[in-house]
Every structure is written in structure tokens, then in C-alpha cells.
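A short write-up of the structure that comes next.
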Amino acid sequence: MKLGRQKVISAALVMALTVGSISGAGAAEAAKKASLKTKNMTLNVKKSKKIVIKNKLAKKKYTFKSNKTSVAKVTKAGKVTGVKAGKAKITVYEENKKKPKKKKKIGTCSVAVKAKQNVSQSKSTNAPAATATPGSSAPTVTAPAPTQDVPVVTEPAATPKATIVPAYNTTTVDFDGSTSKVVESEITVPLTEAMLYGGVCKISADFTQETGSEQELSVGYEGEYLNFTLNGAYIKDKSVDPMSDSTAFSCPSGETVHKEFSFEVPKYSYDFNLKLSGPAGVSFQVDNVTVQAMPFENADYAGMVEASTLSTGNNARIKKAIEKARAGEDVTIAYLGGSITEGFAASETDNGDCYAEESYNQFKYNYGAGDGSNVHFINAGMSGTPSKLGIIRYERDVLAQMKHGEYPDILFIDFAVNDDGECQEQYESIIRTALEQGSAVVLMFVLYISGCQHEKDYSEFGKYYELAMVSPGKGMSGSKKSDFDNWFYWADGHPDVGGHRYMADCISKMFRTVDEEKAKADNHTETLKPKSGKNFVGMKTLESSTDISKIDAVKSLTPGGFSVLKDSAQPTLQYIKNGVEKLPWFPDVWAHTSSSGSDSFKAEIKCNSILVAYKQAGSGFGKAECYVDGEYVGDLAQSNGGWNNAVVFTALSEDTVKDHTLEIKMKEGDEKKPFTIYAIGYADSGEKAEYPD
């Protein structure tokens with residue numbers, strides 16, 4: 001199962017729990033026979049329940065197989081997740097651990113998956129708990145009313161939803177409306193969402209037993225490791241033995257024993273289950289079970305999330321998007337950025353754990369109507385993208401992906417990590433382009449181990465244009481840096497699954513704050529005078545597949561020796577785009593090969609600015625020269641550090657729109673070397689914009 005699809009929101013602490021039983025050992029074990037307790041289940045899309053097996057034998061292994069993974073998927077631990085509406089059957093097998101080929105079927109569980117429905121709950125000062133399936137005795141976990149400002153759902157009166165609490169908060173186990181439970185031998189409390197990806201788990205509970213003699217009880221956990229690949233290579237193989245830990249203690253008969261335990265749950269863990277156990281056949285009572293989860297010792301996670309909202313800016317457009325979503329109107333949220341937005345080190349290829357998709361899922365759940373299908377998502381992340389490349393890609397990777405309306409309702413911009421000192425005008429141009437089109441713009445200063453190098457400078461644009469700004473890094477000032485480094489980052493400094501989860505919670509906090517604010521008048525209808533420049537506003541994308549007959553600004557285009565229109569030696573996207581996995585960054589290029597000859601690439605364009613994105617391949621690739629209107633403007637040079645990433649050259653930047661000729665030709669001596677033009681960006685709106693003094 002792909003973990004990123006097993007949840008709607010990373011922060012949810014409302015879940016269905018199951019009660020299991022444990023068999024004895026030795027001769028008693030041999031006399032028992034494993035069977036299914038869970039033979040039928042009904043669940044919503046993207047919700048999960050666990051198949052419970054009675055009388056599990058210690059020497060046996062239990063496996064699960066779905067006959068329709070497109071409807072319901074199942075993990076190695078028997079956790080079933082709804083994929084789409086329909087029916088499926090999960091077959092459960094028992095295997096001999098020493099002879100894995102010897103297995104027998106012990107039963108099937110019929111699964112009915114329904115489209116997600118709103119959770120109707122009465123308002124309360126406490127976070128409401130999920131209710132158990134009618135007729136069951138399954139306990140639930142209730143999150144107490146937050147004492148700090150944390151991301152919760154602001155719900156319309158007509159369609160209230162369950163309160164959402166961010167990851168890592170104190171939770172109280174609710175046994176059918178009671179904090180007390182009589183346990184026969186063992187109880188299992190699934191806490192996957194509370195401990196997703198591991199951390200520090202602190203357990204507090206009161207135990208009582210009346211057997212007449214002292215008994216040994218234990219508190220522990222079990223679960224599995226996340227197992228995913230990154231660009232075809234395992235980050236770490238976590239598919240081996242399941243994780244587990246436990247602590248035993250003595251409980252005298254007739255006395256109440258209060259115990260507190262702390263477990264350091266391994267990073268990248270999932271499917272986390274709390275287990276309270278006693279000897280086979282011994283009943284005991286457990287009261288006031290609380291679970292406090294945190295990424296590392298003494299982490300104030302809620303405080304970190306709280307500090308991440310730098311500004312909500314002029315909230316008019318974000319509030320409008322929230323209102324549209326609640327009303328059932330189509331709303332699109334787009335994310336334009338670099339490798340972190342693309343989902344590097346987040347999870348599997350479905351990218352469900354990337355902060356962009358996770359925060360979209362939270363918005364969709366919190367504010368979308370019904371099942372949230374009226375809220376739409378565009379991921380336009382690409383590794384190594386600075387603002388100069390972002391402004392080229394904006395038309396192709398955001399606007400051309402719109403299926404509901406012309407422009408995104410909300411656009412997140414992430415470039416402070418990758419930008420150099422010459423990108424401020426392009427960064428501002430993306431902001432201005434989106435604002436002029438009517439989008440709400442959010443500046444996202446993503447989590448990176450060395451920080452966002454231009455966050456201080458770029459936040460000035462946010463202040464100037466009164467934009468919402470989210471900075472997860474601002475929440476990390478209260479603890480030792482090594483704690484954050486170990487928990488939130490992958491080996492090379494990118495955020496991993498824990499870091500992406502944190503960023504998504506920070507975004508949800510910003511949305512909640514905006515939702516609670518009084519609406520302001522939209523002041524973005526009049527464009528301010530630019531801080532850095534306006535020459536790249538409204539930039540268009542030009543590729544070899546572009547039909548120039550439909551574009552007035554492009555008068556002609558002759559590829560010359562750059563006539564090969566594909567280049568397979570380039571990186572691929574880490575998310576699924578237009579239904580295609582591993583789509584090349586630039587599917588339609590102009591490539592020069594060793595046999596292409598020396599003819600120039602030429603394009604006549606009516607514009608005021610031109611950017612050229614070309615492939616940085618390093619050794620073996622040639623250099624090219626760039627000319628505008630017959631004048632040499634610079635080399636398109638290679639670097640030994642190239643990894644087939646895109647490098648952007650500014651060929652033209654003027655205030656006035658007029659006809660220009662762009663020419664690219666191989667440098668003398670490099671006519672038989674390869675070279676690839678990924679894309680060209682041109683802007684033709686320079687003469688249209690007028691700004692008040």
C-alpha cells in the first residue's frame with residue numbers, strides 16, 4: 001500500500017480503533033485455532049480499518065490479499081484503506097514462519113467502500129470523538145480542546161465536520177464514552193495518525209486488577225516501517241522485521257497503579273498500535289489512558305505551527321476561495337516551486353506525503369463541500385527551479401493545467417531556496433502576473449536545513465503586496481537545531497516525510513487564521529508600482545510542440561540544427577502529471593546532436609523580454625552563443641556540475657514591446673557536440689501596464 005494515500009489529512013487524530021485478543025503459549029496455543037473476527041467492514045474512501053484475527057498463533061505469520069486493489073488496499077498488518085467506491089474481498093492466510101510456502105486460508109473479509117461523507121457532529125468545547133461502528137465495542141481516541149492556537153476545522157453551521165487537530169498532541173482514549181475499560185488479556189489501540197512517521201510517545205494510565213494475587217502487566221507498541229524508494233534507490237530498507245517495544249510492571253491485586261511510559265518510536269515508522277497486556281486469561285481494568293506524541297523530546301509542536309504564519313496579508317481572495325469551496329463551487333490550489341514542492345524525499349511516486357498535496361488534502365477536507373471533489377490541485381514543482389525558470393514554466397505547468405476556470409484561486413510560490421541574486425525581478429513578476437489574473441498569492445518559505453537564503457529579502461515582497469506568508473523555519477527557534485535536523489530532514493538537507501507533514505500543518509494553520517479573520521477589501525485590483533521591475537510579467541512558454549500559428553506574438557520559428565524534438569536524458573517528475581508517471585521535465589525540446597550541422601535556431605518574436613532555458617549537462621556537451629537582433633548577448637555555457645538540470649539565460653529585458661529576432665548557434669569548434677534548448681519564455685505585456693505614482 002502506498003502510505004501517502006492512506007489518509008485524507010496528516011493531522012487527523014480521529015480514527016476507528018479495534019480490540020484484539022491474545023492466545024496463550026505452549027499447549028494452550030496448540031489447542032486454539034486462528035479465525036477472523038472481522039468478516040465484514042464498511043468504510044469511506046481514504047479511510048482505514050484493521051482486520052482483527054482471533055487466537056493468533058505466535059509461530060504463525062498472517063498475510064492479506066485484496067482481490068480489487070483499485071477499490072481497497074491492505075497492508076501487511078491487515079489495515080484496509082478505501083481507494084474508490086465499490087466492493088472488494090480481503091483473503092487472510094496463515095503461514096508457517098519456518099516454512100513460508102505452507103499456508104492456509106483462514107477466511108475472507110468483505111469490504112464495502114463508500115464515497116466520503118461529512119461527519120455530522122454537535123458543537124462542543126472539546127474536540128469530538130469519532131463514533132464506533134454500531135454494535136461494536138471499539139474504543140476511540142478523543143483529542144481534548146486545544147490550549148494553544150492549532151489548526152482545527154472552522155465549520156459552517158449547515159455541514160459541521162469533525163475537528164482536526166495537528167500532529168503530535170495529547171490524546172485521551174475513549175472506550176465507548178468512558179475513560180475506563182475492563183480488558184481481557186490484551187487490548188490493541190491503533191494510533192497510526194497520532195504517531196505517523198514515529199517520534200516520542202508518552203503513555204499515562206491507571207491499572208487495577210482483582211485476581212487475588214500480584215500480576216505482571218505490560219505497556220508496549222507494535223507497527224511496521226515505511227518502505228519507499230526515491231529515484232529507484234531505497235532510502236532505507238524497512239520491510240524487514242516489524243518494530244515493537246514493551247515495558248512490564250507489577251500490579252498488586254486490589255490496588256490502583258499509576259504508570260507512565262515513554263517510547264522512542266523509530267523514524268519512518270507507521271501502522272502504530274499501542275498494546276496493553278496481561279497474562280492469558282487475566283482481566284484487568286485500565287483508566288485514564290492518555291497518549292502524548294511529539295517529534296522529539298520536549299518539542300512544542302503546536303507552538304511551532306503557530307509561529308509559522310508570518311502574515312495573512314490582505315485576506316480577501318483566500319477568504320473568497322474558502323467561501324467558494326464551502327458553497328460547492330470549483331476551487332483550484334496550485335503550487336509552483338522547486339524540489340521540495342515537487343516532493344523530493346517525501347514518499348512514494350503517488351506523492352501523497354508531499355507538503356503540497358497534503359496541505360491541499362487538508363484544505364479539501366476542511367472547506368470542500370461534500371466529499372471535497374470541488375477542490376482541485378496542481379503540483380508545479382520541479383527540482384532545481386529558480387524564479388527565472390518558474391516564470392517560464394508558469395503558463396505551461398499551472399495555467400495550462402487548469403480544468404476549472406482560467407486561473408488558480410490560490411497560488412503558492414516557493415523559490416527562496418533556489419534563487420540567486422539576480423532573480424528578484426522574476427520572483428516579483430510571478431507575484432504580479434498571478435495578482436493581475438485574480439489569484440490569491442501565498443509565499444511559501446519551505447523547510448530546508450540551511451534555511452531559505454532569500455526569505456528575509458523575499459518577505460519584503462510579501463509585505464509590499466500584502467500577501468499571506470508561511471515560514472515553517474520560524475517555528476524552529478525553540479529547541480536545539482540537532483533535534484530538528486534529526487527529525488525533519490533527509491540526509492542531504494531536504495525535508496523528509498516528517499518535514500513535509502510539518503509544512504502542511506503550517507499551511508493549514510494559515511488557512512484557519514484567515515478563515516477566522518474579518519474579510520478585508522481586495523486591494524489587489526490596482527497594481528502597485530513594481531519594486532524590482534515588470535519586464536517578465538505575463539511570460540509565455542514556448543516549446544517545440546507550441547503551435548505558433550495560433551500565437552500572434554511569434555512571427556516565425558526555424559529550428560535549424562536544433563531539430564531533434566525529444567531528449568530522453570533528463571530528469572523526470574516525481575509526481576503523476578496528466579496521468580503519466582515519470583514524465584520528463586521538458587517533453588518537447590530543440591536538441592542539437594553531433595550530426596545536426598551548424599545551422600542556427602531562429603525565432604522572430606514581438607516581445608519585451610526573452611529567457612532561454614537550456615540543459616546543463618556538463619562533460620561532453622557543447623556551448624552555444626545567443627544573439628538578439630544580430631547582436632551577441634552571451635554564451636549558453638555548460639558546467640562540470642551539470643546534472644541535466646535547466647539553466648536560464650536572460651537574452652532580453654526591456655520596457656517596450658517590439659519585434660525581436662532570437663538566434664542560437666553552436667560555438668565555433670562545438671558544431672559536432674550535443675546541446676539542448678529546453679524551453680523559451682517571452683513576455684509581451686511591457687507596454688500594457690500603467691502604474692499609479
Side-chain angles (χ1 to χ4, degrees), residues 8-9 11 45-46 115-120 151-164 309 311-336 355-380 394 397-413 430-444 465-470 504-526:
V8 176
I9 51 170
V45 172
K46 295 189 178 179
K116 179 181 151 188
Q117 302 294 322
N118 285 344
V119 181
S120 179
V152 297
V153 172
T154 300
E155 49 195 27
T159 56
K161 293 184 178 181
T163 300
I164 306 304
T309 300
S311 169
T312 56
N314 184 294
N315 62 22
R317 295 187 181 184
I318 295 179
K319 289 186 77 70
K320 180 181 178 182
I322 291 174
E323 291 166 4
K324 285 176 61 179
R326 283 180 171 146
E329 298 179 47
D330 289 312
V331 170
T332 299
I333 306 177
Y335 298 75
L336 181 65
Y355 87 88
E357 187 158 348
E358 183 57 37
S359 61
Y360 150 74
N361 279 328
Q362 292 190 30
F363 183 98
K364 175 180 177 179
Y365 181 88
N366 289 346
Y367 309 113
D371 63 358
S373 59
N374 62 308
V375 182
H376 313 287
F377 169 66
I378 295 174
N379 189 331
Y394 180 64
D397 293 343
V398 176
L399 300 185
Q401 305 306 312
M402 291 292 300
K403 296 180 180 178
H404 305 274
E406 293 185 73
Y407 309 112
D409 295 88
I410 302 172
L411 174 69
F412 284 84
I413 299 176
I430 301 171
I431 294 172
R432 294 178 68 86
T433 299
L435 289 179
E436 291 179 7
Q437 291 168 345
S439 300
V441 174
V442 181
L443 303 186
M444 182 65 189
Y465 288 101
E466 295 186 67
L467 307 177
M469 294 186 284
V470 179
D505 284 343
C506 292
I507 290 174
S508 290
K509 164 62 175 63
M510 179 275 294
F511 279 134
R512 175 182 174 269
T513 302
V514 169
D515 190 33
E516 293 178 340
E517 292 177 336
K518 184 179 179 181
K520 298 179 180 179
D522 188 350
N523 65 352
H524 292 140
T525 54
E526 292 187 8

[atom2] on [Y] to [atom1] on [X], rounded to 0.5 Å:
X	Y	atom1	atom2	value
I410	R317	CD1	CZ	11.5 Å
N361	S508	CG	OG	10.0 Å
F363	D409	CZ	CG	8.0 Å
E517	K319	CD	NZ	7.0 Å
I333	I378	CD1	CD1	10.5 Å
I322	D515	CD1	CG	4.5 Å

Parallel, tilted or perpendicular: which fits the ring planes of F511 and F412, with parallel below 30° and perpendicular above 60°? perpendicular
Are the side chains of I430 and L336 in touch, meaning some heavy atoms are under 4.5 Å apart? yes
E466 side chain reached by N523 side chain, heavy atoms, under 4.5 Å: yes
How close do [X] and [Y] get, counting heavy atoms only, and between which atoms?
X	Y	result
P408	V398	CG-CG1, 3.9 Å
Q437	Y394	OE1-OH, 3.2 Å
V331	A325	CG2-N, 3.6 Å
R326	A369	O-CB, 3.8 Å
I318	A468	CD1-CB, 3.8 Å
N315	K520	OD1-N, 2.9 Å

Do Y407 and T332 meet the criterion of a side-chain donor-acceptor pair at a distance under 3.5 Å? no
Got a sec, which residues hit ring pair (Phe, Tyr, Trp, His ring centres under 6.0 Å) with Y360, two or more places apart in sequence or on another chain? F377
With K320, which residues qualify under side chain to side chain contact (heavy atoms under 4.5 Å, CB included), at least two apart? K324
Under the rule for side chain to side chain contact (heavy atoms under 4.5 Å, CB included), what residues qualify as partners of A316, not counting sequence neighbours? N314, D522
Decide yes or no on side-chain contact (heavy atoms from CB on, under 4.5 Å) for I413 and V442, but give the supporting numbers first. CA-CA 6 Å; I413 299 176; V442 181; over 6 Å; no
Does S311 use its side chain to pair, donor to acceptor, with the backbone of G313 at less than 3.5 Å? yes
Quick one: does T513's side chain have a donor or acceptor within less than 3.5 Å of a partner on K509's backbone? yes
Intermediate values then yes/no, side chain to side chain donor-acceptor pair (under 3.5 Å), E329 and N374: CA-CA 6 Å; E329 298 179 47; N374 62 308; over 6 Å; no
Stepwise, does the side-chain contact (heavy atoms from CB on, under 4.5 Å) test hold for D330 with H376? CA-CA 7 Å; D330 289 312; H376 313 287; 2.9 Å; yes
Would V441 and Y465 count as a side-chain contact (heavy atoms from CB on, under 4.5 Å) here? Give the steps. CA-CA 9 Å; V441 174; Y465 288 101; over 6 Å; no
Between Y335 and M444, is a side-chain contact (heavy atoms from CB on, under 4.5 Å) present by the stated rule, with each step listed? CA-CA 9 Å; Y335 298 75; M444 182 65 189; over 6 Å; no
Verdict with reasoning, R512 to D505, per salt bridge (Lys or Arg N to Asp or Glu O under 4.0 Å): CA-CA 10 Å; R512 175 182 174 269; D505 284 343; over 6 Å; no
